[in-house]
Amino acid sequence: LNDISELRILNLITKDNVSNHLIRLIEQAQKNEAMDRNRSLQKRFDLFIKLIDREKGNIISDEAYQILMDDISSLHANSN
């Protein structure tokens with residue numbers, strides 16, 4: 001979450017609505033993880049990746065994309 005906020009401040013994610021959506025997806029994934037809802041958790045991860053893939057090079061810079069992919073990979077690994 002901090003990385004998303006920092007990337008927005010650095011204008012590496014150029015639209016607030018995209019950064020806010022990414023933050024909501026991570027918050028929902030964390031909530032699902034706490035409730036041990038693996039299918040819902042995986043769905044949030046998939047939506048997050050789909051969104052950053054769609055916005056890469058447009059609203060999300062290549063640098064921000066790589067940071068976000070590293071973050072989601074780490075979160076996914078830690079959720080298993």
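Counting from 1, the numbers follow the sequence of the chain as shown. All values reported here derive from a predicted model rather than from experimental measurement.
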Undergrad: Does Arg44 have any salt bridge (Lys or Arg N to Asp or Glu O under 4.0 Å) partners at least two apart in sequence or in another chain, and if so, which?
TA: none
Undergrad: To the nearest 0.5 angstrom, please state how far the NZ atom of Lys15 sits from the NE2 atom of His21.
TA: 14.5 Å
Undergrad: Hey, what do you get for CG (Leu25) to CG (Asn20), rounding to the nearest 0.5 Å?
TA: 11.0 Å
Undergrad: Checking side chain to side chain contact (heavy atoms under 4.5 Å, CB included) for the pair Ile26/Ile72: CA distance, chi angles, key distance, verdict?
TA: CA-CA 9 Å; Ile26 295 300; Ile72 200 69; 3.7 Å; yes
Undergrad: Give a yes or no answer on whether the side chain of Ser74 reaches the backbone of Asp70 with a donor-acceptor pair at less than 3.5 Å.
TA: no
Undergrad: What distance separates Ile23 CD1 from Ile4 CD1, expressed to the nearest 0.5 Å?
TA: 5.5 Å
Undergrad: Residues two or more places apart in sequence or in another chain: which of them pass ring-ring contact (aromatic ring centres under 6.0 Å, His included) with Phe45?
TA: His76
Undergrad: Can you measure from CD1 (Ile67) to CG (Asp3) and round to the nearest 0.5 angstrom?
TA: 6.0 Å
Undergrad: Rounded to the nearest 0.5 Å, how far does CD of Gln28 lie from CZ of Phe48?
TA: 12.5 Å
Undergrad: Please give me the minimum heavy-atom distance between Leu51 and Val18, naming the atom from each residue.
TA: CD2-O, 4.4 Å
Undergrad: Any side-chain to backbone donor/acceptor pair from Ser19 onto Asp16? Under 3.5 Å, distance only.
TA: yes
Undergrad: Go through the side-chain N and O atoms of Asn2 and Glu6 and say whether any donor and acceptor fall under 3.5 Å apart.
TA: no
Undergrad: What pairs with Asp62 under salt bridge (Lys or Arg N to Asp or Glu O under 4.0 Å), at least two apart in sequence or on another chain?
TA: none
Undergrad: Apply the side-chain contact (heavy atoms from CB on, under 4.5 Å) test between Ile60 and each candidate in Leu7, Leu12, Leu68; give the one that qualifies.
TA: Leu68
Undergrad: Identify the heavy atoms of Ile13 and Arg8 that sit nearest to each other, and give their distance.
TA: O-NH1, 2.9 Å
